[in-house]
A.B. asks: 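Starting off with a structure, shown below.
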Amino acid sequence: YYKNGDLFQYLQKNYPINKIQIITIFKKILDIINYCHSRNIIHGDLKLENFVMDNNFYPVLIDFENSHRISKYQFLKNNILNISGTIGYISPECYLFKIGKCSDIWSLGCLLFYLNFGYSILGDYLDMNSNMIKINDWDILNLYMKYPKNCDKNLLDLLKKMLEPYPKKRIKLNEIFKHPYIDHFN
């Protein structure tokens, strides 16, 4: 039990949070995912509600029910299991029953967007499509991802790289750590 609740609850109580807080929290999340990925573990359900806040208000990752261990460069073909994860955070390739480290990167991009703007980047698209991203819609997916006009240029660049619909083009975790939006406060 974590008396400070999860990151979603924290955001609901404290939104908007300042850029320094967002980056501090997000760097901690990146460290957690880097640890998992270094052990070839994909979480598979990264979302605000799966990060609880400890006594120092640092995020702690929970709910490994959808996690998978894979080889270093492998995509897990998940034909036996149902599509897992949470609508609004699930990467497009998961709808093809494939999941890899890049799938967690997509979810982190959705999470970073929510931390900054207080809503899901795919909200309108999800409402229009009965909460399902159709696997043949990857090319039009970007049309539904609306970025606020006042979005910081470094944040915008990072989000677009994390939310790249094609997994092979998506930014890697080690590149996120070096990105100007994240690295600016080092």
A.B. asks: Nearest 0.5 angstrom please: K172 NZ to I176 CD1, how far?
C.D. replies: 10.0 Å
A.B. asks: Checking side-chain contact (heavy atoms from CB on, under 4.5 Å) between K161 and each of D157, L159, L163, which is the one that passes?
C.D. replies: D157
A.B. asks: Does the side chain of D104 pick up a donor-acceptor pair with the side chain of H37 at under 3.5 Å?
C.D. replies: yes
A.B. asks: Might you work through the side-chain contact (heavy atoms from CB on, under 4.5 Å) test for Q21 and N18, ending with a clear yes or no?
C.D. replies: CA-CA 5 Å; Q21 283 179 292; N18 69 52; 3.4 Å; yes
A.B. asks: Would you confirm whether S103, through its side chain, and S91, through its main-chain N or O, come within 3.5 Å as a donor-acceptor pair?
C.D. replies: no
A.B. asks: If you apply the rule side-chain contact (heavy atoms from CB on, under 4.5 Å), what do you find for Y89 with E49, and how did you get there?
C.D. replies: CA-CA 11 Å; Y89 294 90; E49 295 87 346; 4.3 Å; yes
A.B. asks: Give a yes or no on whether I62 and L7 share a hydrophobic cluster (residues Ile, Leu, Val, Met, Phe, Trp, Tyr; joining criterion: side-chain heavy atoms under 4.5 Å apart).
C.D. replies: no
A.B. asks: Let me confirm one number: the CG-CZ distance from D6 to F51, rounded to the nearest 0.5 Å.
C.D. replies: 11.0 Å
A.B. asks: Do I182 and Y35 belong together in a cluster built from hydrophobic side chains that touch within less than 4.5 Å?
C.D. replies: no
A.B. asks: Check whether any side-chain heavy atom of N66 sits under 4.5 Å from a side-chain heavy atom of I99, and report yes or no.
C.D. replies: no
A.B. asks: Under a 4.0 Å threshold between the charged nitrogen and the carboxylate oxygen, would K27 count as salt-bridged to D31?
C.D. replies: no
A.B. asks: Got a second to check how far L115's CG is from C110's SG, nearest 0.5 Å?
C.D. replies: 11.5 Å
A.B. asks: Taking atom types as modelled, is there a side-chain donor on N40 or K101 under 3.5 Å from an acceptor on the other?
C.D. replies: yes
A.B. asks: Taking the six-membered ring of Y166 (Phe, Tyr or Trp), confirm whether the NZ or CZ of K168 is under 6.0 Å from its centre and within 45° of its axis.
C.D. replies: no
A.B. asks: N174 vs N34, test: side-chain contact (heavy atoms from CB on, under 4.5 Å). Steps then yes/no.
C.D. replies: CA-CA 8 Å; N174 64 329; N34 188 50; over 6 Å; no
A.B. asks: Is any side-chain heavy atom of I90 less than 4.5 Å from a side-chain heavy atom of W106?
C.D. replies: no
A.B. asks: Is the number of heavy atoms from other residues, nucleotides or ligands under 6.0 Å of K178 NZ greater than 12?
C.D. replies: no
A.B. asks: Hey, mind stepping through D63 and K47 against salt bridge (charged side-chain N to carboxylate O under 4.0 Å, His left out) and telling me if it holds?
C.D. replies: CA-CA 10 Å; D63 190 4; K47 60 183 176 179; 5.4 Å; no
A.B. asks: Within a strict 4.5 Å, meaning less than it, do heavy atoms of the P148 and F113 side chains meet?
C.D. replies: yes
A.B. asks: Check the hydrophobic clustering (I, L, V, M, F, W, Y; side-chain heavy atoms under 4.5 Å; chains of links allowed) and say if V60 and L46 are grouped together.
C.D. replies: no
A.B. asks: Backbone N or O of I17 within a donor-acceptor pair of the N14 side chain at under 3.5 Å?
C.D. replies: no
A.B. asks: Roughly how far, to the nearest 0.5 Å, is the CE atom of M162 from the CD1 atom of I121?
C.D. replies: 11.0 Å
A.B. asks: Is Y58 atom OH crowded by more than 12 heavy atoms from other residues, nucleotides or ligands, each under 6.0 Å away?
C.D. replies: no
A.B. asks: What's the separation between atom CG in N116 and atom CG in L155, rounded to the nearest 0.5 Å?
C.D. replies: 4.5 Å
A.B. asks: With the 4.5 Å side-chain cut-off for hydrophobic clustering, are F117 and L111 part of the same group?
C.D. replies: yes
A.B. asks: Heavy atoms only: give me the nearest P92-P165 pair and the separation to one decimal.
C.D. replies: CG-O, 3.9 Å
A.B. asks: Under 6.0 Å from the ring centre and within 45 degrees of the ring axis: does the NZ or CZ of K160 meet both conditions for the six-membered ring of Y147?
C.D. replies: yes
A.B. asks: Are the side chain of R69 and the backbone of R39 linked by a donor-acceptor contact shorter than 3.5 Å?
C.D. replies: yes
A.B. asks: Is there side-chain contact between I171 and L158, with heavy atoms separated by less than 4.5 Å?
C.D. replies: yes
A.B. asks: Answer yes or no: are there more than 12 heavy-atom neighbours, outside Y2 itself, under 6.0 Å from its atom OH?
C.D. replies: no
A.B. asks: Ring-plane angle category for Y10 and F57, please: parallel below 30°, perpendicular beyond 60°, tilted otherwise.
C.D. replies: tilted
A.B. asks: When you look at Y181 and D152, which way does the side-chain contact (heavy atoms from CB on, under 4.5 Å) test go after all the steps?
C.D. replies: CA-CA 9 Å; Y181 180 76; D152 174 278; 3.9 Å; yes
A.B. asks: Counting neighbours of OH on Y15 that are heavy atoms of other residues, nucleotides or ligands and sit closer than 6.0 Å, is the number greater than 12?
C.D. replies: yes
A.B. asks: Would a 4.5 Å heavy-atom cut-off, applied to side chains only, mark I25 and P59 as touching?
C.D. replies: yes
A.B. asks: Just so I know, are the side chains of I105 and E164 near enough to count as touching, which here means a heavy-atom distance under 4.5 Å?
C.D. replies: no
A.B. asks: Side chains of C36 and H43: closer than 4.5 Å at any heavy-atom pair?
C.D. replies: no
A.B. asks: Does any non-hydrogen side-chain atom of N4 lie less than 4.5 Å from one of D54?
C.D. replies: no
A.B. asks: Charged N to carboxylate O under 4.0 angstrom, E175 versus R170?
C.D. replies: no
A.B. asks: In Å, rounded to the nearest 0.5 Å, how long is the span from CG of L11 to CG of L48?
C.D. replies: 6.0 Å
A.B. asks: Which heavy-atom pair separates S67 from I41 by the least distance, and what is that distance?
C.D. replies: CB-CG2, 4.2 Å
